[in-house]
Amino acid sequence: MADEQTLIEERRRKLAALRERGEAFPNDFRRDALAGELQAAYGDRDAQALERSPVRVRVAGRILAKRVMGRVSFLQLQDMSGRIQVLVQRDALGDEAYQAFKKGWDVGDIVGVEGVLIRTRTGELTVRAERLRLLTKALRPLPEKWHGLQDQEQRYRMRYVDLIVNPEVRRAFLTRTRVIAHIRRFLDERGFVEVETPMMQPIPGGATARPFVTHHNALDMDLYLRIAPELYLKRLVVGGFEKVYEINRNFRNEGLSSRHNPEFTMLEFYWAYADYRDLMDLTEEMLRGLAQEVLGSTVVRYQGRGYELGRPFRRVRLLDAVLERNPGLGAGDLRDPARARRAAEAAGIAVEPGWGPGKIQLELFEKTVEETLLEPTFVTHFPTEVSPLARRCADDPFYTDRFELFVAGREIANGFSELNDYEDQAERFREQARARAAGDDEAMYYDADFIRALEYGMPPTAGEGIGIDRLVMFLTDSPSIRDVILFPHMRPEREAAGGGRRSAGGGDGAD
RNA sequence: GGGCCGUUAGCUCAGCUGGUAGAGCAGCGGACUUUUAAUCCGUCGGUCCCAGGUUCGAGUCCUGGACGGCCCA
C-alpha cells in the first residue's frame with residue numbers, strides 16, 4: 001500500500017466518498033484573511049486579549065501538516081502569504097464531520113477554515129476551526145515534510161511541487177517580481193516610457209548571437225525570435241520617444257548552462273541627450289536602491305561572499321584591466337594586429353583568422369580578467385571592432401564610449417553612447433556582413449530600414465541592457481539561472497511506458 | 001561536443017571486497033483533547049534509470065544508452 005499507484009488509489013477512494021456526498025470540488029468558499037497577514041496583525045496579541053475580543057476569520061490554503069491526537073488535531077495551512085496553524089476539535093465539529101476529516105483528509109489537500117483566532121498552550125497563533133471545508137482533494141502525495149523536494153531534475157520539471165514545499169524557492173521568485181517592479185518604478189519616476197517591440201523580427205539584430213527561426217505561413221517568410229530589442233528601441237528614439245525602455249524576453253539559440261537559458265529577460269533602456277557616463281551613474285543608483293529595497297541593505301551576500309553596492313563602483317578601461325592581469329604586456333602590444341596575435345597566442349588563445357586587435361583585446365579580457373572582477377566594476381572603452389552599434393570615442397576611434405558592468409565575475413549590464421552617425425553605422429553593418437559572408441554566423445545582418453531610420457536623425461543618445469536573470473541570481477544568492485526562471489528549459493522526459501525512472505505523467509488516463 | 005559525478009520505495013537517504021534490498025517520512029489499522037519533524041503499537045510498499053555482458057550468483061563489476069548536476073570548449 002505504498003507504491004505511487006497505491007497511494008493515488010487510496011486518495012481516489014477518498015475523493016469518491018466526497019463525490020458521493022456531493023462536495024468534491026466546491027467553489028463557494030470565500031476567505032477574508034491571509035495567513036501571513038494574520039501573523040503580522042495578531043502575532044503579538046496574547047491569549048487573554050484574543051479571548052476578550054474574538055477575531056473571526058476565514059482562511060484557505062493547502063494542508064502541509066496534519067497531526068491527529070485523538071479527539072483533537074492540528075493542521076499547518078499554507079497560502080500565498082505564509083502559514084498558520086489550525087486547531088480541529090471533535091467537540092466543535094461534531095462526530096461525523098470530525099471522522100470525515102480524520103479519515104479522509106490528507107497533507108496536500110486544499111481546505112477552507114472558518115473559526116476564531118486563539119493562542120495555544122505553546123504560544124502559537126492558531127485558528128480554532130468552527131467549520132471546515134475540503135475544497136480540493138489532492139491525488140498525489142507531497143514530498144517529505146522535512147527535506148522537501150531535493151532532486152534538481154524534479155524541482156525544475158515539477159516547479160509547482162518545488163514551490164509548495166520549498167519556501168526559499170517561493171521567496172526567490174517573489175524577490176524576482178519585486179526587482180522588476182522596482183526597476184519599472186525607478187524608470188517610470190524618471191520619465192522613461194515602457195514599450196513593447198517585436199519578438200518576431202525579419203532581421204535579427206541588436207546583438208551577436210544565433211537566433212531561433214520560425215516561419216510565417218500567410219506571408220511565407222522566415223522570422224527570427226529576437227536576440228535583442230535594441231534596433232527597434234532606437235527607431236523609437238528617432239520617433240521622439242526620448243526616454244524609452246522595455247523589459248521582456250530575448251531568445252538565443254545557444255547552449256544551456258548555469259548562466260544561460262535559451263530565453264531570458266532583459267531590460268533595455270534608451271536615454272536621449274545622455275552619454276555612457278550618465279548611464280553608469282544611473283545604473284549605480286538603480287542597483288543601490290534595488291538592493292536597499294529588496295534586501296534592506298546595500299551589502300549583498302552571494303555564494304558566501306559579501307558585496308558592497310553602497311560605495312561608488314570602480315571604473316577601469318578594458319585595456320588597463322587586461323594589462324593589470326598580464327604584466328608581461330605593454331599597451332603597444334595589443335594595438336598592432338601582428339603583435340596582438342602573438343600576445344594572444346602566448347596567452348593560450350586560439351586566434352581565428354578574422355580577428356583584429358580589438359577582438360583579441362576582448363578575448364584576453366574575457367579569458368584573463370572577467371572572472372576576477374568580483375566587486376562591482378564598470379569596464380569601459382570596448383574596442384570598436386567588437387561594438388558595432390556603439391559610438392566611437394572622440395579622442396580615439398579604435399575604442400567606443402561603451403562599458404560593461406561586472407559583479408561577482410559576471411556581466412550584469414552593457415551600455416554605450418549610441419552610434420547615431422548613419423554613415424559610420426552603415427559601414428559597421430557592411431563590416432559585419434563581410435564577417436558573416438566569411439563564415440561568422442554570429443555576425444550581424446545589414447539592416448537597411450534601421451539605417452533609413454537613423455538618416456532621419458537620432459539625437460545623441462545612450463542605451464543600456466541589464467540581464468534581469470543574472471541580476472536576480474545575484475540578489476537571491478542563487479548559483480544557477482534555473483533557480484530564478486520558473487520553468488527552465490530541459491530535455492523532454494522519457495515516456496513513462498519506456499521504463500524511465502521519472503514518470504510525472506504516469507497517472508494520466510489511469511481511470 | 002569533452003571530462004567527472006549522480007539515478008535504490010511516493011519523498012529524503014543507507015546499502016562494505018559480488019552472496020536473500022534497508023531506515024525515516026508519507027500511507028494503512030489502532031491508542032491519544034494543545035501538538036508543531038507530535039508520540040506510541042502494528043502493518044503494507046521495490047522494473048535498484050534502461051539494454052546488453054562477465055559470473056554459480058550483479059543494486060554492487062564491464063560496455064553502450066537515457067536523464068540530471070558540476071566543470072571545460
Side-chain angles (χ1 to χ4, degrees), chain A residues 1-14 35 39 47 50-51 63-78 83-93 95 98-99 101-109 115 118-129 138-158 161-162 164-166 254-260 303 348-350 352 363 366-367 371 409 479-483 488-507 510:
Chain A
M1 185 156 300
D3 68 284
E4 186 173 24
Q5 274 315 309
T6 319
L7 292 172
I8 289 174
E9 281 312 313
E10 184 65 43
R11 290 181 177 218
R12 254 186 230 286
R13 196 178 53 73
K14 294 170 177 175
Q39 300 284 8
L50 287 169
E51 214 170 309
I63 299 176
L64 284 193
K66 182 186 177 197
R67 296 183 284 272
V68 178
M69 328 190 47
R71 273 159 274 185
V72 61
S73 300
F74 292 91
L75 300 179
Q76 199 63 234
L77 205 69
Q78 173 170 277
R83 297 176 180 180
I84 194 161
Q85 181 170 262
V86 176
L87 171 62
V88 184
Q89 295 159 297
R90 186 198 64 171
D91 293 348
L93 293 187
D95 196 51
Y98 189 74
Q99 283 304 314
F101 154 80
K102 201 169 135 185
K103 305 309 288 181
W105 295 27
D106 292 296
V107 169
D109 291 351
I118 60 162
R119 197 165 285 283
T120 61
R121 203 177 284 169
T122 53
E124 175 147 356
L125 189 67
T126 299
V127 180
R128 190 180 65 216
L139 274 190
R140 295 173 184 272
L142 288 181
E144 208 235 9
K145 61 185 170 191
W146 191 240
H147 300 94
L149 189 62
Q150 296 296 323
D151 185 289
Q152 290 287 3
E153 184 174 352
Q154 297 214 66
R155 291 182 50 207
Y156 298 145
R157 288 197 196 280
M158 298 196 284
V161 179
D162 196 24
I164 292 169
V165 298
N166 293 332
E254 291 165 359
L256 287 75
S257 80
S258 58
R259 290 183 295 282
H260 299 86
Q303 301 295 291
I349 292 172
E352 291 178 20
E363 288 289 324
E366 288 179 351
K367 195 114 178 179
E371 67 181 16
S480 171
I481 196 170
R482 297 192 183 99
D483 298 323
H489 282 280
M490 308 275 284
R491 286 178 199 274
E493 282 180 279
R494 260 196 292 180
E495 291 299 314
R501 170 166 169 257
R502 304 301 178 205
S503 54

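The model shown is predicted, which means the values in this text are computed figures rather than measured ones. A, B, ... follow the sequence lines: proteins, then strands. Residue 1 opens every chain.
Rounded to an integer number of Å, the gap from CD1 of A/I164 to P of B/G10 is 19 Å. For A/K145 and B/G24, the NZ to P distance is 13 Å, given to the nearest whole Å. If you measure from atom CG of A/L7 to atom P of B/C25, you get 15 Å, rounded to the nearest angstrom. Nucleotide B/A73 holds its P atom 14 Å from the CD atom of A/E352, rounded to whole Å. Distance A/R259 CZ to B/C72 C1': 11 Å, rounded to the nearest Å. Distance, A/I8 CD1 to B/G10 P: 10 Å, rounded to whole Å. For the pair A/R12 CZ and B/G10 P, the interatomic distance rounds to 16 Å; values are reported in whole Å. Across the protein-nucleic acid pair, A/D483 atom CG and B/G68 atom C1' stand 14 Å apart, rounded to whole Å.
Counting only heavy atoms from C-beta on, A/D106 has its side chain closest to B/G27 among B/G27, B/U33, B/C11. Considering only the side chain of A/R157, B/C67 comes nearest among B/U12, B/U34, B/C67. When distances are taken from the side chain of A/P141 to each of B/C67, B/G10, B/U35, the shortest belongs to B/G10. Minimum atom distance to the side chain of A/F74 is reached by B/U34, of the listed B/U34, B/A37, B/C28. The side chain of A/V72 approaches B/U34 more closely than any other nucleotide in the set B/U34, B/G10, B/A38. Each of B/U35, B/G69, B/C32 was ranked by its minimum atom distance to the side chain of A/Q85; first place goes to B/U35. In this structure, the nucleotide among B/G68, B/C71, B/C28 sitting nearest to the side chain of A/S258 is B/C71. Here the nucleotide nearest the side chain of A/P143, chosen from B/G69, B/C11, B/U12, is B/C11. Across B/G24, B/G45, B/G69, the shortest atom-to-atom separation from the side chain of A/Y156 is found for B/G69. For A/D3, counting side-chain heavy atoms from C-beta on, the closest listed nucleotide (B/C32, B/G45, B/U12) is B/G45.
Pair assignment for B/A58 gives none, since no Watson-Crick or G-U wobble pairing has each distance under 3.5 Å. With both pairing distances under 3.5 Å, B/A26 is matched to nothing as a Watson-Crick or G-U wobble pair. A 3.5 Å limit on both hydrogen-bonding distances identifies no Watson-Crick or G-U partner for B/C32. Base pairing analysis places B/A66 opposite B/U7; the two distances defining the Watson-Crick or G-U wobble pair are each below 3.5 Å. With a cut-off of 3.5 Å on both Watson-Crick or G-U wobble distances, the partner of B/A21 is given as none.
Nearer the 5' end of RNA chain B, as judged by each residue's closest nucleotide, is the contact made by A/K103, out of A/D91 and A/K103. Comparing A/K14 and A/T126 by the nucleotide of RNA chain B whose heavy atom lies nearest to each, the residue mapping closer to the 5' end is A/K14.
In this model, the phosphate group of B/C11 is not approached by any side-chain N or O of A/Q150 to a distance below 4.0 Å at OP1 or OP2. The side chain of A/R67 places no N or O atom within less than 4.0 Å of a non-bridging phosphate oxygen (OP1 or OP2) of B/U35. Using a 4.0 Å cut-off, no side-chain N or O of A/R11 falls inside it from OP1 or OP2 of B/G10. When the side-chain nitrogen and oxygen atoms of A/R482 are compared with OP1 and OP2 of B/G69, one or more of them lie within a distance under 4.0 Å. Contact annotation: A/S73 side-chain N/O to B/C32 OP1/OP2 distance is not under 4.0 Å.
Within 4.0 Å (heavy atoms only), A/V68 reaches at least one base atom of the nucleic acid. Heavy atoms of A/G255 sit nowhere under 4.0 angstrom from any nucleic acid atom. Among the atoms of the strands shown, none is found under 4.0 Å from any heavy atom of A/L142.
To the nearest whole angstrom, the two C1' atoms, one in B/G2 and one in B/C49, are 23 Å apart. Of the C1' atoms belonging to B/G15 and B/C48, the separation is 10 Å, rounded to the nearest Å. Going from the C1' atom of B/U34 to that of B/U39 covers 14 Å, rounded to whole Å. Rounded to whole Å, the separation between the P atoms of B/U7 and B/C16 comes to 12 Å. B/G64 and B/C28: their C1' atoms are spaced 42 Å apart (whole Å). Annotation: B/G42 and B/G18 have their P atoms spaced 36 Å apart (nearest Å). A distance of about 23 Å separates the P atoms of B/G19 and B/G24, rounded to the whole Å. A gap of 48 Å separates the P atoms of B/A38 and B/G57, to the nearest Å.
Of the options A/R12, A/R11, A/R13, a salt bridge (charged side-chain N to carboxylate O under 4.0 Å, His left out) to A/E9 is made by A/R12 and by none of the others.
Between the base of B/U34 and the side chain of A/R121 there is no donor-acceptor pair shorter than 3.5 Å. Judged by distance alone, with hydrogens and angles left aside, A/E124 brings no side-chain donor or acceptor close enough to the base of B/U34 to form a pair under 3.5 Å.
Heavy-atom neighbours of A/E371 CD from other residues, nucleotides or ligands within 6.0 Å: at or below the threshold of 12.
A/V86 approaches A/T126 most closely through the heavy-atom pair C-CG2, 3.8 Å.
Salt bridge status for A/K14 with A/D106: present, with a side-chain N to carboxylate O gap under 4.0 Å.
At a cut-off of 3.5 Å, with distance as the only test, no side-chain donor of A/R83 or A/Q76 sits close to an acceptor on the other residue. Defined by atom type and a distance below 3.5 Å, a donor-acceptor pair is missing between the side-chain atoms of A/H147 and A/Q150. In the model, A/D3 has a side-chain atom that pairs as donor or acceptor with a side-chain atom of A/T6 under 3.5 Å.
Residues forming a ring-ring contact (aromatic ring centres under 6.0 Å, His included) with A/F101 (at least two apart in sequence, or on another chain): A/Y98, A/W105.
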Next on the checklist: Applying salt bridge (charged side-chain N to carboxylate O under 4.0 Å, His left out) to A/R119 and A/E51, what does each step give before you reach the verdict?
Outcome noted: CA-CA 9 Å; A/R119 197 165 285 283; A/E51 214 170 309; over 6 Å; no

